[in-house]
Amino acid sequence: MTRLAITYALLMALALASWLVVPAGYALPIAAVKAGLIVAVFMDLARAHPVPRIAALVALLLFALLCAGTYADVATR
Amino acid sequence: MISGRAHALRITVWLVVASEGLLFAGLFALYAGYRAEYPRGFAEGVGLAVGWLGGTNTLVLLTSSFAMAAAIQAGPRAARRWLVGVLGLGGVFLGLKGAEWAIHIGDGLVPGAHYAGPHTPGTALFVTLYYAMTGLHALHLVAGLAMVAWARRREDPAVTECVGIYWHFVDLVWVVLWPLFYLLS
Amino acid sequence: MSEPTAPPPSFWTEPRGVRTWLATTDHKRIAILFFVGTALALMLGGTFALILRVELVVPDHGIVGAHAYDKLFTHHGIVMVWMFMIPAIPGVFGNFLVPLMIGANELAFPRLNRASFWVYATGACITLAALIGGGVDTGWTFYTPYSTTTPTAVAVVCVGVFVLGISSVMTGLNFIVTVHTRRAPSVPWMKLPLFVWTIYATSIILVLATPVLGLSLALVGADHVWHLGLFDPAAGGDPVLFQHLFWFYSHPAVYIMVLPAMGVVSEVVSTFAHNRPASYGGIVVATIGIALVGFFTWGHHMFVAGMSMFDTGMFGALSMFVAVFSAIKMFAWVITFYRGRVVLAAPVLYVFTFLFLFLFGGMTGVAVATSSLDVHWHDTYFIVAHFHFIMVGATLTAYLAALHYWFPKLTGRRYSEVWARRAAVAVALGFVGTFLPQFLLGNAGMPRRYYAYPEEWQWLHVASTCGAGLLALGLGTTLVYLGVALRRGPPSGDDPWQSRGFEWRTPSPPPAVAFSAPPVWERDAYSYEDEVP
Amino acid sequence: MDDLLRRALMLPPRASSAAAGLDHLHYVVLGCALAVALVLFGLLGWFVVRFRDRPGHARVRPGARSRRFEVGLAAVTLAVFVTLWIGGFAQLRAMRTPGPNALEVYVVAKQWMWSFVYPDGTAAEDELRVPVGQPVELLLTSRDVIHSFYVPAFRLKQDAVPGRMTSLAFTATEAGTYDILCAEYCGAGHSRMRGRVIALPAADYARWLVAHDAPDLARAGARLAHERGCLRCHDVRAVAPPLLGIYGRPVPLADGSTAIADAAYLTESLMDPAAKVHAGYAATMPSYLGQLSAADTAALVEYIREARP
């Protein structure tokens with residue numbers, strides 16, 4: 001339970017920082033950190049069986065692939 | 001080979017999360033492509049957003065995610081109370097989101113032909129993507145609320161855990177959506 | 001279903017009554033329902049194809065007008081791709097055989113399995129309603145801005161295909177969880193039959209790629225109804241971005257179509273060569289490799305669409321990697337016949353056709369991926385011939401091989417071997433007659449989806465139509481003798497091909513509950529070593 | 001032999017500098033396929049006959065195949081495929097870089113016809129005249145849906161995407177008339193949307209240029225600039241970037257990069273002003289997409305090219 005509370009506090013801190021303090025340039029990296037925390041702790045992927053971990057990794061890889069392929073096409077035209 | 005219902009349910013919910021994640025990937029790819037083509041139009045679009053509503057919604061959803069995680073670890077009686085918290089916070093999120101949409105529609109920020117927002121090239125696309133992505137997210141959130149209500153009645157730890165993972169996924173999508181539409185101006 | 005004459009009780013006869021069939025959660029009965037659905041789709045799609053081929057016999061107006069022609073090739077594409085090619089082998093043979101091959105009585109979620117069929121039927125009905133109600137003339141690729149501006153029933157077809165997509169995801173989900181959690185103890189991962197590996201890999205693509213198709217068609221449908229302008233050039237939208245979303249699904253989709261066919265070929269080759277597959281590990285690596293690397297190559301459909309040179313280079317190179325996996329399988333299949341005991345029958349004749357056509361289908365894919373040749377060939381009949389070599393040449397022939405190979409397993413009866421061989425030869429010759437001329441048409445520069453064409457190419461079209469007639473004759477004959485065998489075929493026994501496959505270790509046709517307890521199989525699915533003195 | 005093979009494969013005659021290279025790569029790939037087919041089906045045939053099931057067929061234990069053999073075979077196959085790609089991609093880069101001082105011709109595709117605008121402002125429907133031996137660069141766009149400008153004899157095609165400018169570079173090598181076809185499905189008239197490329201020897205092309213009286217394009221452009229209100233903003237420094245004298249000079253862009261103010265940049269700025277925004281200026285210029293005919297666009301560009309501060 002304390003593990004969850006600490007993570008929750010961290011997430012709220014990061015959200016508030018990204019919102020009020022930190023310049024816009026860091027918004028996406030902070031979002032990535034928060035996403036990582038949610039997946040690892042709240043969704044308990046850190047201690048999960050390898051199969052869900054592989055599924056999450058492949059989904060993330062394909063998500064990034066589609067965004068990168070589309071962005072690269074427009075950016076390098 | 002771990003057989004057993006909990007393991008099968010956990011794989012299933014992670015596959016659903018992966019599948020829904022890729023449903024959002026298409027929209028994120030469109031956002032990436034159009035942001036590359038119209039950086040100024042998108043920056044101006046982010047300027048239009050109601051900052052405090054977005055921020056508050058982020059804090060609300062993070063709290064609901066914490067409540068859900070607590071419900072998974074808690075005993076049957078405590079879980080039911082945590083899940084009421086999740087339902088409440090989810091409702092608050094939808095309320096704020098509805099208010100936000102009402103404000104924007106009032107300002108004429110409507111996708112498609114009746115768009116009356118700033119005419120910087122790309123801003124109309126930004127608004128259309130805003131409605132598409134937050135709309136799809138809200139749809140998934142409503143589905144999540146229905147599943148949480150069902151899990152609360154079932155009082156089956158395996159079911160609660162799976163619904164929890166799906167709920168965290170909905171929160172995860174919002175965590176990434178929030179900077180795109182509220183911070184990156 | 002007609003009642004075979006007093007056979008032992010099997011899943012055909014177990015719970016009686018049509019209502020039990022419609023509400024069944026038995027994976028074997030759901031497989032038969034999928035067979036009926038996909039066979040009807042094949043016949044409908046095939047009829048559209050024949051009308052197209054008869055129309056193209058004359059360089060200008062033939063039997064249908066230009067607008068009707070556009071609708072026909074669109075419907076041919078939609079019905080064939082989403083109602084036959086994608087659901088057929090996983091829906092019919094995956095459903096029937098995967099539980100039998102892993103020693104399970106059922107899929108992980110029987111009710112989800114039933115739902116996946118009825119969602120498929122609903123999606124098919126919605127799509128067919130739109131096709132009858134006015135039809136769609138955008139091509140199965142729905143390129144914007146034409147798809148968002150044409151006044152045809154695009155929105156309804158988008159809903160129909162979206163629902164078919166939901167059925168795909170359901171089926172994929174079910175198979176993945178089944179293979180992970182329902183394998184009998186004597187079937188560890190590295191003893192899994194190759195057909196189960198291909199269904200598992202296909203399910204990964206079904207679950208991960210279909211949502212992106214769902215989104216792109218939802219956007220086209222919504223744009224058609226509420227004019228969102230997301231891809232409308234006048235509002236600053238970029239049609240090339242739609243193509244990115246569409247092909248991100250549609251290239252992995254062609255691997256959804258070919259991977260199960262490869263699984264069938266692996267099984268048939270191993271059985272009729274009575275030999276262990278040449279490289280079990282190599283085929284498994286290639287199967288999973290195709291499923292994952294298949295996602296990296298969608299851009300080779302857009303070399304001349306206005307995509308940047310950087311992306312063109314990246315996608316061309318990556319396409320070469322996915323081609324290597326197919327090549328590995330081709331080598332493995334051929335070498336499996338080395339030092340075997342080769343028995344010739346209809347299934348293996350279809351597999352020889354598969355090997356021949358898949359080689360040239362695959363190599364023309366490599367040729368197009370060089371990106372410079374694609375500038376000449378893109379959107380011409382060369383591409384039509386390339387993907388028909390894979391879709392019809394490889395997947396349909398493998399489907400027919402599966403139909404003949406597992407006909408005894410499904411029905412407990414033998415088909416007429418003489419007629420089967422004649423039909424196989426007719427299908428092979430008819431296919432080559434249909435699509436070889438189209439390679440030449442592509443070289444000559446005839447674009448795709450052309451209603452009228454210059455006269456000098458007419459003789460090639462006439463040849464192609466004759467080939468199509470022979471192909472249709474071959475398929476029609478197959479329908480006839482299999483129908484006859486269903487009623488009056490002699491009993492086949494439990495393992496007519498002396499195969500070591502796990503699926504043959506249960507009675508044919510299997511009872512409603514195949515395994516009273518998890519089976520214990522000492523010898524694995526390819527253990528033909530006991531034939532060697 | 002080369003021509004015999006070309007004719008056997010139904011390939012059209014070669015009329016552009018890129019055609020020969022493509023055909024030879026075509027032969028190489030076809031050769032690879034046939035060689036692999038010969039080996040594979042030779043083996044298959046031999047195995048099926050040699051090890052067919054017959055009475056007294058003594059089974060022999062199949063030798064264990066080493067993993068090195070499999071990986072080696074895969075590596076060789078990959079090497080061949082990647083080599084083919086390297087050759088192909090090199091050809092593509094050569095095809096897509098226009099030659100020195102290429103003749104720029106605007107191509108506008110519209111549901112079911114092609115129209116061309118030459119540098120001297122004359123417009124033509126369905127007929128593109130080009131000099132043999134001189135590099136040509138086509139600047140393609142579309143008024144409605146996606147079309148694809150395809151000349152089989154040149155082995156070249158390029159999609160014309162609405163709202164954007166795409167380019168196709170080639171050099172005609174043989175005088176003659178070659179079909180233009182539309183290669184991207186665009187509706188009922190897709191198969192009727194045909195034109196002709198007429199490649200003329202340099203002398204005949206020069207005579208053709210003189211023969212038809214080309215209007216003074218720059219004057220026509222100036223007239224248009226007035227009519228369409230361009231001059232209301234341009235050259236008012238505070239509102240819009242200057243037009244006079246910028247042709248060919250680098251333009252600083254809002255995102256920090258610079259672009260050369262050539263015909264493509266000016267046309268794009270007319271059609272899609274926000275694509276490349278001049279540094280320091282707000283992107284408030286409306287789009288003229290669909291309001292300016294190809295001839296007007298060429299006239300305006302000519303006006304900007306000729307005008308002096």
Side-chain angles (χ1 to χ4, degrees), chain B residues 1-38 40-42 45 110-115 117-133 135-136 139-140 162, chain C residues 102 104 108-109 112 165-166 168-170 172-185 187-189 203-204 206-219 222-223 225-232 234-238 240-242 244-246 248-249 252 295 308 518:
Chain B
M1 182 198 71
I2 309 173
S3 70
R5 188 166 157 278
H7 178 55
L9 281 178
R10 209 169 289 127
I11 295 178
T12 309
V13 79
W14 270 101
L15 288 173
V16 168
V17 161
S19 188
E20 293 304 307
L22 278 153
L23 182 68
F24 280 94
L27 286 171
F28 280 98
L30 282 182
Y31 183 97
Y34 281 135
R35 178 132 203 165
E37 205 162 342
Y38 303 107
R40 182 189 289 268
F42 270 53
V110 179
H114 311 293
Y115 172 74
H119 280 293
T120 321
T123 308
L125 281 173
F126 174 86
V127 167
T128 307
L129 273 176
Y130 167 80
Y131 283 107
M133 294 171 93
L136 191 65
L139 212 62
H140 280 76
C162 289
Chain C
I102 59 173
F109 304 111
L112 180 66
I166 293 174
S168 290
V169 174
M170 285 175 165
L173 206 68
N174 218 336
F175 280 134
I176 292 178
V177 179
T178 303
V179 172
H180 272 287
T181 61
R182 289 301 179 93
R183 280 172 293 115
V187 185
W189 279 99
S203 302
I204 292 174
L206 282 172
V207 167
L208 294 179
T210 312
V212 180
L213 169 81
L215 178 82
S216 47
L217 291 190
L219 291 178
D223 207 302
V225 176
W226 294 296
H227 307 298
L228 302 179
L230 210 50
F231 302 111
D232 175 8
D238 183 354
V240 177
L241 292 188
F242 169 79
H244 274 293
L245 290 189
F246 182 79
F248 181 81
Y249 161 78
F295 278 96
S308 69

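Bear in mind the structure is a predicted one, so any value in this text is a computation, not a measurement. Lettering follows sequence order; numbering is per chain, from 1.
Your options are B:S19, B:G33, B:A18, and the one with the most heavy-atom pairs under 4.5 Å with chain C is B:S19. Listed options B:V16, B:T12, B:V110 were ranked by heavy-atom pairs under 4.5 angstrom with chain C; first place goes to B:T12. Ranked by heavy-atom pairs under 4.5 Å with chain B, the list C:G237, C:A235, C:G229, C:A108 is led by C:G237. Most heavy-atom pairs under 4.5 Å with chain C, from the set B:L129, B:L15, B:L136: that is B:L15. Taking chain C as the reference chain and counting heavy-atom pairs below 4.5 Å, the highest number among B:G112, B:A124, B:P121 is found for B:G112. Chain C forms the most heavy-atom pairs under 4.5 Å with one residue out of B:V127, B:T128, B:I11, B:L23, and that residue is B:L23. When C:D238, C:V207, C:D232 are compared by the number of non-hydrogen pairs under 4.5 Å with chain B, C:D238 comes out ahead.
Using a 4.5 Å cut-off between heavy atoms, C:V169 touches chain B through its side chain atoms alone. With a 4.5 Å cut-off on non-hydrogen atoms, C:I204 does not touch chain B at all. For a residue to count as touching a neighbouring chain, one of its non-hydrogen atoms must lie under 4.5 Å from one of that chain's; by this rule B:Y115 does not touch chain C. Using a 4.5 Å cut-off between heavy atoms, C:L213 does not touch chain B at all. At a 4.5 Å heavy-atom cutoff, the contact between C:L208 and chain B is made by backbone and side-chain atoms alike.
Taking the six-membered ring for Trp and thresholds of 30 and 60 degrees, C:F248 and C:F295 have ring planes inclined between 30 and 60 degrees apart. Below 30°, between 30° and 60°, or above 60°: for C:F246 and C:F242 the angle between ring planes is below 30°, a parallel geometry.
Remark: aromatic rings of B:Y31 and B:F42 are close, center separation under 6.0 Å.
Heavy-atom minimum distance, B:C162 versus B:V13: O-CG2, 3.3 Å. Heavy-atom minimum distance, C:S203 versus C:I176: CB-CG1, 3.5 Å. Of all heavy-atom pairs between C:F231 and C:L241, the closest is CE2-C, 4.2 Å. Contact record, B:Y34 with C:L230: OH-O, 2.5 Å, taken as the closest heavy-atom pair. Closest approach of C:L228 and C:A222 over heavy atoms only: CD1-CB, 3.9 Å.
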